[in-house]
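To start, the structure itself, in structure tokens.
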Amino acid sequence: MHTTAMNRPVRSGKAGVALGTSLLLTAALSGCGSVAGEASLSHESSEQPNILMILLDDLGYTDLGAYGGEIETPNLDALVRESTQFTDFHAYPLCAPSRAALMTGQDPHQVGLGSMENLTPPGVPQSTPGYKGSLEGDFTGIAELLDEVGYDTYQVGKWHLGEEEGQTPQDTGFNENLTLYDAGASYFPDGLRLSQRTHEPENTVIYERNGSTLDSLPDDFFATRSYTDEMIEMIDQSVTAENPFFGYLAYTAPHDPLHVEDEELIGRYLDIYLDNYSFEELRDARIQQMLELELIEEAPSTRWIAQTPELDSITENQKKDLAYRMAVYAAVIHEADEQIGRLIDYLQDTDVYDDTLIVVASDNGAAANTHELYIRPGTERWHSKFYPKVGDIESYGLEGSFVSIGLPNAQVSSGPYFHAKNTLFEGGSRVPAFIKTPATNEEYEHRVVDTFAHITDLYPTFAEYGGANTKPGENLLGYSAKSFLEGTSDSIGDDEFGWEHFGHRSYRSGNWKLIFAPEPMGGTGEYSLYNLDKDPGETNNVIDSYPDIAHELAEKWDQYAEDQGVEVVDFEAVNAAAPESAAISLSIDWANDIEKPEKEDNNG
């Protein structure tokens, strides 16, 4: 495990070349024993390999079979078996900031994504530099960098970084694109937004292909499948021309509204979940499977999001509601796995799989919010008009429905890690991630590594694999993982990292984590300190026992904020705004015919 690193330099924006792994475990996904020790790969990397980045949206830590889940994900699990599998990989706790970091290599505050969707920290105007909610400032897109050294560059799926000049995929280095500019949408050809827009088009999202806005989507469009079709068609041009390619495939799955193309899959998963559904037992089962996969050494202490109802306090109909949500969520992930399998099959059939670096990750943790989060004042009737099946259990997952996973299920998805998307707890930022390196033969080594890594490390990693020089003077935050992935170094930069999210604060130094979050969002309303080695579930606040460590990390967070242009908001203002935010984002929108339960704290 990591050693404490109290005096290492902060990731200040001067990215290094590859560094990489502390403890390497070889582990079979069948649950067989693993052998600890140093490992090096038997193959050499290709010159200018193809690079494929697959980003899933709101996928929780334990959803994939390879991370402890019961959902059938055979294609991704097979890819994991040929990859370096990270157990301590982090993103930002919300989609757009993570995507900004991936595309620019910088802290989101440096490139305009310190806010999102007109949401800013209390008292911080959106006109504040770094808080525009779309790309701004000085940056070089990773696609632009790779394009300069001969790569064909392709983007398909969700963008969410702005649609103005200088912000689009075409403006940031992609040669071809099929782009969803919005935060999410119906998966079906109706192209409905998550919420009503205040300007045209009010009801539908914006899709663009190669610089031209699409008037409509094909009648047979379904996002998960259609995105895959597009990426395969784009890559095929490079395969035919024998050019290296960089493909960025950004699925909306499994972001809400949860939509499923194959309705039979929902029934298949209902057979698993519907009989006396217990979110408590499902979480325990996933943690047990993580133990068997040797992703964790022992079952940690855990807690539930405070707004989660006690299992014995909810009715059988409420359990049915949660079971249906979980079945639809599983079906969405199942379909994403099938489509990624199609893409992998294509790469293998065209003999380019071995020459391709493949990264799969989630942009943040599982989402605990409901469709009510998207209802703005004056638009209350919009959802019932355009999503007429809202609240109809039997229609969950179908066109016209708008269903989310549900608060208790989100904590199931996070497994042992506390909380969910939109928080700086581990459940919000620790995500599944694995990387298959290019190879000169068909032998791949599966490694499970507990090295700290972050989504900002991918930009310099792609650049180094592609033979591109990063631009001098840019405030790159991450470190290349190439040497680590190839077994020639044992760390990826340092394990020091700072986060800010809507006024919440967090700082990671080795196994120590300092966090400020308001009480309604799972915190104490002031700084708390956790030792993630002993307490990865963030259940035991030890700040009173280690005040000097807390003080040192607080000072490091202050330096991080100064370096990255963070607008520092005092605790009092953030705490005052938290109850309203939590009431919207941490609730359950029970089906129409279900009586709403009393909300009780459940921190056991």
Any luck finding a side-chain donor-acceptor pair between H371 and D589 under 3.5 Å? yes
- Passes side chain to side chain contact (heavy atoms under 4.5 Å, CB included), E519 versus N575? Steps please. CA-CA 8 Å; E519 288 187 32; N575 286 329; over 6 Å; no
Output, in order, the C-alpha distance, side-chain angles, deciding distance and verdict of ring pair (Phe, Tyr, Trp, His ring centres under 6.0 Å) for F279 and W304.
-> CA-CA 11 Å; F279 49 81; W304 289 89; 5.3 Å; yes
Smallest heavy-atom separation, P300 atom then I287 atom, equals CD-CG2, 4.4 Å
Student check: side-chain heavy atoms of S581 and P520 closer than 4.5 Å: no
Q | Residues D256 and N369: side-chain donor-acceptor under 3.5 angstrom | A | yes
Heavy atoms of S278 and L311 approach each other most closely as OG-CD2, 3.2 Å
| said: Donor-acceptor check, side chain of R283 to backbone of G415, threshold 3.5 angstrom: yes or no? | reply: yes
dist S429:OG -> I455:CD1 (nearest 0.5 Å) comes out at 11.0 Å
- prompt: How are the rings of H383 and F402 set relative to one another: parallel (under 30°), tilted (30 to 60°) or perpendicular (over 60°)?
  reply: perpendicular
Short question: side chain of N592, backbone of V390 - any donor-acceptor pair under 3.5 Å? yes
query = Does D535 offer a backbone N or O that forms a donor-acceptor pair with the side chain of N531 under 3.5 Å?
reply = no
inquiry  = Working note: F516 + F571, criterion ring pair (Phe, Tyr, Trp, His ring centres under 6.0 Å); need CA distance, chi angles, decisive distance, verdict.
reply    = CA-CA 8 Å; F516 158 67; F571 289 178; 3.8 Å; yes
Next on the checklist: T308 vs L586, test: side chain to side chain contact (heavy atoms under 4.5 Å, CB included). Steps then yes/no.
Outcome noted: CA-CA 8 Å; T308 305; L586 298 174; over 6 Å; no
Open item on the list: side chain to side chain donor-acceptor pair (under 3.5 Å), that's the test. Do T539 and R303 meet it? Break it down for me.
Closed with: CA-CA 7 Å; T539 64; R303 55 174 168 153; over 6 Å; no
Practice item. With side chain to side chain contact (heavy atoms under 4.5 Å, CB included) as the test, would you mind laying out the steps for L113 and D107 before giving the verdict? Key: CA-CA 9 Å; L113 271 300; D107 184 285; over 6 Å; no
Beyond-backbone contact of E372 with S587, side-chain heavy atoms, under 4.5 angstrom: yes
So, S401 side chain and Y396 main chain: donor-acceptor pair closer than 3.5 Å or not?
-> no
Give a yes or no on whether the backbone of A66 and the side-chain of D77 come within a donor-acceptor separation of less than 3.5 Å. yes
Exactly one candidate in Y417, W499, F425 meets ring-ring contact (aromatic ring centres under 6.0 Å, His included) with H90; the answer is W499
Next item on the list: Would you please test R508 and D495 for salt bridge (Lys or Arg N to Asp or Glu O under 4.0 Å) and show each step?
Entry: CA-CA 7 Å; R508 172 80 178 264; D495 45 13; over 6 Å; no
Closest non-hydrogen atoms of A367 and I405, given as atom of the first, atom of the second and distance, are O-CG2, 3.0 Å
Scanning both residues in full, the closest heavy-atom pair of L194 with P257 reads CD2-CD, 3.5 Å
Fit a plane to each ring of Y61 and Y67, take the angle between them on a 0 to 90° scale, and name the class: parallel (under 30°), tilted (30 to 60°) or perpendicular (over 60°). perpendicular
> So E538 and K513, salt bridge (Lys or Arg N to Asp or Glu O under 4.0 Å) or not? Walk me through it.
Replying inline: CA-CA 9 Å; E538 296 171 290; K513 178 178 177 179; 2.9 Å; yes
Begin with the C-alpha distance, continue with both residues' side-chain angles, and end with the deciding distance and a verdict on salt bridge (Lys or Arg N to Asp or Glu O under 4.0 Å) for E263 and R268. CA-CA 9 Å; E263 297 178 25; R268 182 168 166 180; over 6 Å; no
Using only atom types and a distance under 3.5 Å, with no angle test, would you say the side chain of E580 pairs donor to acceptor with the backbone of A577? no
From the list Y329, Y273, Y277, side chain to side chain donor-acceptor pair (under 3.5 Å) partner of N409 resolves to Y277
Apply ring pair (Phe, Tyr, Trp, His ring centres under 6.0 Å) to residues Y530 and W512 and explain how you reach the verdict.
CA-CA 6 Å; Y530 298 100; W512 291 109; 10.0 Å; no
Side-chain donor-acceptor pair present, H334, D262, cut-off under 3.5 Å: no
(request) Keeping the roles fixed (side chain from D182, backbone from G184), state whether a donor-acceptor pair exists under 3.5 Å. (result) no
Review point. Any idea how F497 and Y92 line up, ring-wise: parallel (<30°), tilted (30 to 60°), or perpendicular (>60°)?
Key: tilted
### Query
Do the non-hydrogen side-chain atoms of L270 and Y324 ever get within less than 4.5 Å of each other?
yes
Residue set satisfying side-chain hydrogen bond (donor to acceptor under 3.5 Å, both in side chains) with E281, at least two apart, ordered chain then number -> none
Closest non-hydrogen contact found for T73 with G65 is OG1-N, 2.9 Å
Rounded to the nearest 0.5 angstrom, the CG-CD1 distance for N75 and I340 is 8.0 Å
Given the options R81, E82, Q85, K436, H446 meets side chain to side chain donor-acceptor pair (under 3.5 Å) only with Q85
Hey, does the side chain of E500 reach the backbone of G503 with a donor-acceptor pair shorter than 3.5 angstrom? yes
query = Does a donor on one side chain and an acceptor on the other come within less than 3.5 Å for Y479 and T461?
reply = no
Check whether any side-chain N or O of T228 sits under 3.5 Å from a backbone N or O of T224 as a donor-acceptor pair, and report yes or no.
yes
Q) Any side-chain heavy atom of E70 within less than 4.5 Å of one from Q289? A) no
- Task: Please test Y507 against E496 for side chain to side chain donor-acceptor pair (under 3.5 Å), starting from the C-alpha separation and ending with a verdict.
- Result: CA-CA 7 Å; Y507 195 87; E496 301 261 332; 2.8 Å; yes
To the nearest 0.5 Å, atom CG of L322 lies from atom CG of N317 at 11.0 Å
key: Evaluation steps, salt bridge (Lys or Arg N to Asp or Glu O under 4.0 Å), between R342 and D337   = CA-CA 9 Å; R342 284 182 55 221; D337 178 80; over 6 Å; no
Sorted by chain and number, sequence neighbours left out, ring pair (Phe, Tyr, Trp, His ring centres under 6.0 Å) with F222 holds for Y187, F188
In short, S404 meets R325 closest at the heavy-atom pair O-NH1, 3.1 Å
Quiz item: Quick one: do the D63 and S413 side chains pair a donor with an acceptor below 3.5 Å?
Solution: yes
Original post:
Is the backbone of A183 close enough, under 3.5 Å, to the side chain of K158 for a donor and an acceptor to pair up by distance?
Top reply: yes
Pair L291, Q288 - check side chain to side chain contact (heavy atoms under 4.5 Å, CB included), show working.
CA-CA 5 Å; L291 283 166; Q288 181 59 39; 3.8 Å; yes
By side-chain hydrogen bond (donor to acceptor under 3.5 Å, both in side chains), T62 pairs with (sequence neighbours left out) R286
